[in-house]
> 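Structure in structure tokens, see below.
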Amino acid sequence: MNVTHLECGACGLHHEARRLQNLCSQCGKPLLVRYDLERAARTLTKESLSRRSSDLWRYREVLPVERDENIVTLGEGWTPLLSVQRLAALIGLSELFIKDESQNPTQSFKARGMAAAVSMAKELGAHSLAVPSAGNAAGALSAYCARAGLEAHIFMPKDTPRANVIECEQTGAHVTLMDGLITDCGKEVARLKETNNWFDVSTLKEPYRIEGKKTLGYELAEQLDWQLPDVIIYPTGGGTGLIGMWKAFDEMEVMGWIGEKRPRMITVQAAGCAPLVRAFEEGKREAPEFPNAATVASGLRVPRAIGDFLILDALRASKGSAVSVTDEELIAATREIGASEGLFCAPEGTACLPALRKLIAAGEVKQDDRVVLFNTGAGVKYLESYGG
Ligand SMILES: Cc1ncc(COP(=O)(O)O)c(C=O)c1O
Ligand SMILES: [Zn+2]
């Protein structure tokens, strides 16, 4: 296929592509997949897309799997980009869209990353995969491992939403619930993986989840007829989706699909766990661990992100920003979006609405800006947060 090598996102060191590996062997930072895009663009043309499958594998030439038979799929991707005019009118914008990622297998955008990561793990010969997760990544890994005939080992905080725990059990994973946060779960995976021969698929600690997630950027461009929006508002934990979209835009530009204009990228975090917002405001390129992280938006309860510099670079390069919202604000927004548009969004997704209101109030988003909010998951997975 078209993969040429893996490249460290920090020091630039090249790594061989056809081998299972985690972080940069020199500096310990995330590895990014690089392609021969000229070659990819020979068959992956805008015109060819109309004849392709309605899932993320429509962008096959810029995905890392070499052999078709290694693709592990449950039909992920190609989710609707919904125009939400009633909500737009409510907050005073002329054009607003929601990319509804709850329509993925396992009901969240984590399916994209895990489809790619599990396919690659299978192709490169792994048998057991392990992940620390805030919930949705666990559900997705369990499902894709079951589909691939691989073993999944899941480590989650014990107060992870029940639905995530149950879905992992019912899709055959080995589940460990821990006192502590996702960072503590990550340490446990790191401690156990060598002796158990597990491949660690933690966010950005392997190179392929980001490749699945980047298809968000390809889809957005295609669904908007190759005119990227002015503003993207994205609920950020580890940041794989945001980094992935940013990467996709560069790839599309090299292939001649879009110009150099980029959307302003906005990171949304919960006030109870906002390491990136804090680092952005302080002008830093690294985001130190956020103390006593707490929020009902469990996917945003990520006190430390290994790809912090990649996220912060993208926010700044795009002239975007980082905004935090309280749990009260994001919970209230659930009903507002639900009652006006019929979408029961995950709390991570609903956080985008109060963030947008703040940006409008600050004059950072104007009435005629074309804005896309990301609903990254499904409200039904979080019944505890809504009195259920
Ligand atoms: C529903 C949902 N939204 C957003 C996020 C944050 O995603 P990322 O880690 O890609 O920033 C998560 C992560 O668990 C999630 O489950
Ligand atoms: Zn490096």
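As the structure lists them, so they are numbered: ligands from 1, and atoms in each ligand from 1.
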> Of all the atoms in ligand 1, which lie at a distance below 4.0 Å from a heavy atom belonging to T236?
11 (O)
> Enumerate the atoms of ligand 1 whose separation from the nearest heavy atom of Y382 is less than 4.0 angstrom.
1 (C)
> May I ask you to list the atoms of ligand 1 that are less than 4.0 angstrom from any heavy atom of G241?
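It comes down to these atoms of ligand 1: 10 (O).
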> Just need the protein heavy atom nearest to atom 3 (N) of ligand 1, so name the residue and atom and give the distance.
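Its nearest protein heavy-atom neighbour is T376 OG1, 2.6 Å.
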> Given SG of C8 on one side and SG of C24 on the other, what angle do they make at the Zn ion (ligand 2), to 10°?
110°
> Please determine if F109 has a nitrogen or oxygen closer than 3.5 Å to a nitrogen or oxygen of ligand 1.
no
> If you group Ile, Leu, Val, Met, Phe, Trp and Tyr by side-chain heavy-atom gaps below 4.5 Å, do L44 and L216 land in one group?
yes
> Are side-chain N/O atoms of N164 and E167 paired as donor and acceptor at under 3.5 Å?
yes
> Just jot down the ligand 1 atoms closer than 4.0 angstrom to any heavy atom of K110, in number order.
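Heavy-atom distances to K110 below 4.0 Å select 7 (O), 8 (P), 9 (O), 10 (O), 12 (C), 13 (C), 14 (O), 15 (C), 16 (O).
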> Under 4.0 Å from a heavy atom of K213: give me the atoms of ligand 1 that qualify, with their elements.
10 (O)
> Tell me if the NE2 atom of H174 is crowded by more than 12 foreign heavy atoms within 6.0 Å.
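Yes, enclosed.
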> When you compare ligand 1 with G238, is there at least one nitrogen or oxygen pair between them that comes in under 3.5 angstrom?
yes
> If you measure every N/O of S108 against every N/O of ligand 1, is any gap under 3.5 Å?
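Not met; the criterion fails.
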> Are K99 and E219 close enough for a salt bridge, meaning some N to O gap below 4.0 Å?
yes
> Think R58 forms a cation-pi with W78, using NZ or CZ under 6.0 Å from the six-ring centre and within 45 degrees of its axis?
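Yes - R58 lies over the ring of W78, closer than 6.0 Å to its centre and within 45° of its axis.
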> Using a strict 4.0 Å threshold on nitrogen-to-oxygen distance, state whether R34 and E7 make a salt bridge.
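Counted as a salt bridge, because a side-chain N and a carboxylate O are separated by less than 4.0 Å.
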> Just checking, is any N or O donor in the side chain of E47 or S50 under 3.5 Å from an acceptor N or O on the other one?
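No, no side-chain donor-acceptor pair sits under 3.5 Å.
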> Under 3.5 Å between some N or O of ligand 1 and some N or O of Y234?
yes
> Less than 4.0 Å between a side-chain N and a carboxylate O, is that true for K193 and D200?
yes
> Between W226 and W257, how do the two ring planes meet: parallel, tilted or perpendicular, split at 30° and 60°?
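Perpendicular.
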> Taking 4.0 angstrom as the limit and counting only heavy atoms of N136, give me the atoms of ligand 1 inside it, by number and element.
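Near N136, meaning under 4.0 Å from one of its heavy atoms, ligand 1 has 1 (C), 15 (C), 16 (O).
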> Where's the contact between F374 and ligand 1, heavy-atom distance under 4.0 Å: side chain, backbone, both or neither?
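Contact part for F374 vs ligand 1: neither.
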> N/O to N/O below 3.5 Å, does that happen between G239 and ligand 1?
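Yes; at least one N/O pair falls below 3.5 Å.
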